[in-house]
Amino acid sequence: QLRFVESGGGLVQPGGSLRLSCTASESIMYFGIGWFRQAPGKEREGVSCITAVRAGIDYADSVKGRFTISRDNAKNTVYLQMNSLKPEDTGLYFCAAVQPRITSQGLCVMTPRSDSWGQGTQVTVSS
(Lines give C-alpha, C1' and ligand atoms only; values in the text may rest on other atoms or scores of the structure.)
Protein backbone atom coordinates (compact mmCIF):
# COMPACT_ATOMS: atom_id res chain seq x y z
CA GLN A 1 0.00 0.00 0.00
CA LEU A 2 1.60 3.19 -1.22
CA ARG A 3 1.05 6.01 1.26
CA PHE A 4 2.22 9.60 1.18
CA VAL A 5 2.98 12.19 3.82
CA GLU A 6 3.01 15.85 2.82
CA SER A 7 4.93 18.52 4.69
CA GLY A 8 6.40 21.99 4.30
CA GLY A 9 3.28 24.11 4.22
CA GLY A 10 2.80 27.25 6.21
CA LEU A 11 1.73 30.87 6.25
CA VAL A 12 3.60 33.19 3.90
CA GLN A 13 3.13 36.67 2.50
CA PRO A 14 2.39 37.24 -1.18
CA GLY A 15 5.61 36.94 -3.15
CA GLY A 16 7.08 34.51 -0.66
CA SER A 17 8.26 30.95 -1.18
CA LEU A 18 7.66 27.51 0.24
CA ARG A 19 9.09 24.09 -0.51
CA LEU A 20 6.69 21.21 -0.06
CA SER A 21 7.83 17.63 0.42
CA CYS A 22 5.96 14.44 -0.34
CA THR A 23 7.47 11.32 1.15
CA ALA A 24 6.17 7.90 0.15
CA SER A 25 6.08 4.75 2.22
CA GLU A 26 7.67 2.72 -0.56
CA SER A 27 9.84 3.19 -3.61
CA ILE A 28 8.41 5.63 -6.14
CA MET A 29 10.91 4.75 -8.84
CA TYR A 30 8.23 3.46 -11.20
CA PHE A 31 5.48 5.93 -10.33
CA GLY A 32 4.52 9.25 -11.74
CA ILE A 33 3.66 11.61 -8.89
CA GLY A 34 1.39 14.62 -8.84
CA TRP A 35 0.69 17.54 -6.57
CA PHE A 36 -2.91 18.60 -6.10
CA ARG A 37 -4.54 21.36 -4.11
CA GLN A 38 -7.97 22.22 -2.85
CA ALA A 39 -8.90 25.78 -2.01
CA PRO A 40 -11.80 26.59 0.31
CA GLY A 41 -15.08 26.10 -1.51
CA LYS A 42 -13.42 24.71 -4.63
CA GLU A 43 -12.76 21.29 -6.10
CA ARG A 44 -9.40 19.61 -5.91
CA GLU A 45 -7.22 20.51 -8.87
CA GLY A 46 -3.97 19.27 -10.31
CA VAL A 47 -0.99 21.55 -9.79
CA SER A 48 1.93 19.63 -11.24
CA CYS A 49 3.09 16.14 -12.06
CA ILE A 50 6.29 14.32 -12.86
CA THR A 51 6.67 10.97 -14.57
CA ALA A 52 8.98 8.19 -13.51
CA VAL A 53 11.19 9.50 -16.29
CA ARG A 54 12.26 12.97 -15.20
CA ALA A 55 11.61 14.65 -18.54
CA GLY A 56 7.87 14.12 -18.28
CA ILE A 57 6.76 17.17 -16.29
CA ASP A 58 3.71 19.37 -16.52
CA TYR A 59 2.19 22.26 -14.60
CA ALA A 60 -1.18 23.88 -14.36
CA ASP A 61 -1.24 27.13 -16.32
CA SER A 62 -1.81 29.07 -13.12
CA VAL A 63 1.56 28.04 -11.65
CA LYS A 64 3.81 27.84 -14.70
CA GLY A 65 6.97 29.85 -14.22
CA ARG A 66 6.52 29.98 -10.45
CA PHE A 67 6.48 26.35 -9.27
CA THR A 68 9.04 23.61 -9.86
CA ILE A 69 8.48 19.92 -9.25
CA SER A 70 11.37 17.53 -8.66
CA ARG A 71 11.96 14.07 -7.29
CA ASP A 72 14.59 12.19 -5.32
CA ASN A 73 13.90 8.50 -5.77
CA ALA A 74 16.57 7.53 -3.24
CA LYS A 75 14.54 9.37 -0.58
CA ASN A 76 11.14 8.29 -1.92
CA THR A 77 10.35 11.98 -2.05
CA VAL A 78 8.87 14.47 -4.48
CA TYR A 79 9.23 18.20 -3.93
CA LEU A 80 7.30 21.25 -5.02
CA GLN A 81 9.22 24.51 -4.90
CA MET A 82 6.73 27.36 -4.89
CA ASN A 83 7.97 30.87 -5.58
CA SER A 84 6.20 34.19 -6.06
CA LEU A 85 3.23 32.88 -4.14
CA LYS A 86 -0.14 34.51 -4.61
CA PRO A 87 -3.22 34.52 -2.39
CA GLU A 88 -4.97 32.29 -4.92
CA ASP A 89 -2.35 29.61 -4.23
CA THR A 90 -3.88 29.16 -0.80
CA GLY A 91 -5.19 25.66 -0.20
CA LEU A 92 -4.58 22.21 1.16
CA TYR A 93 -1.87 20.53 -0.91
CA PHE A 94 -1.78 16.78 -1.50
CA CYS A 95 0.46 14.45 -3.41
CA ALA A 96 -0.48 11.17 -5.00
CA ALA A 97 0.62 8.71 -7.62
CA VAL A 98 -0.86 9.61 -10.98
CA GLN A 99 -2.24 7.35 -13.64
CA PRO A 100 0.48 5.43 -15.48
CA ARG A 101 0.08 7.04 -18.85
CA ILE A 102 1.48 9.99 -20.72
CA THR A 103 0.18 12.35 -23.34
CA SER A 104 1.27 12.22 -26.95
CA GLN A 105 3.77 14.93 -26.03
CA GLY A 106 5.29 12.77 -23.31
CA LEU A 107 3.79 14.75 -20.43
CA CYS A 108 2.34 13.31 -17.27
CA VAL A 109 -1.38 13.23 -16.61
CA MET A 110 -2.61 15.05 -13.52
CA THR A 111 -5.12 12.38 -12.61
CA PRO A 112 -4.64 10.30 -9.46
CA ARG A 113 -4.45 6.52 -9.65
CA SER A 114 -6.88 6.16 -6.79
CA ASP A 115 -9.11 8.15 -4.46
CA SER A 116 -6.88 7.54 -1.46
CA TRP A 117 -5.46 10.76 -0.02
CA GLY A 118 -3.22 11.67 2.88
CA GLN A 119 -3.70 14.53 5.30
CA GLY A 120 -2.14 17.14 3.03
CA THR A 121 -0.23 20.23 4.06
CA GLN A 122 -1.82 23.65 4.38
CA VAL A 123 -0.49 26.57 2.37
CA THR A 124 -1.82 29.99 3.24
CA VAL A 125 -0.71 33.07 1.31
CA SER A 126 -1.88 36.24 2.99
CA SER A 127 -0.63 39.68 3.92
Heavy-atom donor-acceptor pair, T90 side chain to V125 backbone, under 3.5 Å |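 Side chain of T90 to backbone of V125: a pair is present.
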Within the side chain of S84, is there an N or O that forms a donor-acceptor pair under 3.5 Å with the backbone of G15?
->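 Judged by distance alone, no pair lies under 3.5 Å.
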Decide, yes or no, whether a salt bridge links D61 with K64 under the criterion of side-chain N to carboxylate O below 4.0 Å.
->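 Between K64 and D61 there is a salt bridge, with a charged N closer than 4.0 Å to a carboxylate O.
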Under a 4.5 Å cut-off applied to non-hydrogen side-chain atoms, are [X] and [Y] in contact?
X    : Y    : value
L80  : I69  : yes
M110 : D58  : yes
E45  : R37  : yes
Y59  : T68  : yes
F4   : V78  : no
F67  : L18  : no
L11  : T124 : yes

Out of curiosity, [X] [atom1] to [Y] [atom2], how far, rounded to the nearest 0.5 Å?
X   : Y    : atom1 : atom2 : answer
I33 : I50  : CD1   : CD1   : 9.0 Å
L92 : T121 : CG    : OG1   : 7.5 Å
R19 : M82  : CZ    : CE    : 11.5 Å
T51 : R71  : OG1   : CZ    : 7.0 Å

Pairs meeting criterion disulfide bond (SG atoms under 2.5 Å apart) with involvement of residues 90-127, two or more places apart =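 For residues 90-127: C22-C95, C49-C108.
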If every non-hydrogen atom of [X] is compared with every non-hydrogen atom of [Y], which pair is closest and at what distance?
X    : Y    : result
P14  : S127 : CD-N, 3.7 Å
V123 : D89  : CG1-O, 4.2 Å
S27  : L2   : O-CD1, 4.4 Å

Shared hydrophobic cluster, F31 / V109 (ILVMFWY, side-chain heavy atoms < 4.5 Å) = no
Applying the 4.5 Å side-chain criterion to the ILVMFWY set and letting contacts propagate, would F36 and I28 be lumped into a single cluster?
-> no
More than 12 heavy atoms of other residues, nucleotides or ligands under 6.0 Å from CD of Q119: is that the case?
-> no
Would you mind listing every ring-ring contact (aromatic ring centres under 6.0 Å, His included) that reaches into residues 76-104, with sequence neighbours excluded?
->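 Of all non-adjacent pairs touching residues 76-104, those that pass ring-ring contact (aromatic ring centres under 6.0 Å, His included) are F94-W117.
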Does any donor atom in the side chain of S17 or N83 lie under 3.5 Å from an acceptor atom in the other side chain?
->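 S17 vs N83: donor-acceptor pair found between side chains.
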Distance-only donor-acceptor check, side chains T77 and T23, under 3.5 Å | yes
